Amino acid sequence: MVAGPDQLVKDNVFPSRSRAIQEAIEDKLANLRKTRLVEECAKLDPHDEQALAEEAMSEETASWSES
């Protein structure tokens with residue numbers, strides 16, 4: 001069972017109730033950002049991404065040989 005903010009303060013995990021709540025909110029927001037990133041990445045077509053990467057590499061390789 002997860003302790004509530006008051007218990008976490010009592011156990012000296014956090015200096016104050018507000019700090020415990022602030023960190024909980026920050027963690028939740030970070031998780032939401034990660035979830036959104038995963039969802040957006042899932043929309044990418046691996047074949048299109050591979051083609052873009054190969055195109056960029058071929059352009060970069062061509063500039064090396066020109067130097």
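Given the structure is predicted, the values throughout are model-derived calculations rather than measurements.
Tracing side-chain contacts under 4.5 Å through hydrophobic residues (I, L, V, M, F, W, Y), one never reaches Leu29 starting from Val38; they form parts of separate clusters.
In plain terms, the two heavy atoms of Arg17 and Val9 that are nearest each other are N-CG2, 3.3 Å. Summarising the geometry of Ser58 relative to Glu55, their closest heavy-atom pair is OG-O, 2.8 Å, with the distance given to 0.1 Å.
Distance check: Leu37 CG to Lys34 NZ gives 10.5 Å after rounding to the nearest 0.5 Å. Here the OG atom belonging to Ser16 is positioned 11.0 Å from the CG atom belonging to Leu8, to the nearest 0.5 angstrom. Atom CG of Asn31 is separated from atom CD of Glu26 by 12.0 Å, given to the nearest 0.5 angstrom.
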Using the salt bridge (charged side-chain N to carboxylate O under 4.0 Å, His left out) rule, take Glu39 and Arg36 through it: C-alpha gap first, then chi angles, then the decisive distance, then the call. CA-CA 5 Å; Glu39 290 170 352; Arg36 178 137 190 249; 5.8 Å; no

Run the numbers on Arg19 and Glu23 for salt bridge (charged side-chain N to carboxylate O under 4.0 Å, His left out), then give the verdict. CA-CA 6 Å; Arg19 184 64 185 154; Glu23 287 202 28; 3.2 Å; yes

Please determine whether side chain to side chain contact (heavy atoms under 4.5 Å, CB included) holds for the pair Asp11 and Gln7, giving the CA-CA distance in whole Å, both sets of side-chain angles, and the decisive distance to 0.1 Å. CA-CA 6 Å; Asp11 294 342; Gln7 186 62 47; 2.9 Å; yes

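Using modelled atom types, one side-chain atom of Asp45 and one backbone atom of His47 make a donor-acceptor pair closer than 3.5 Å.
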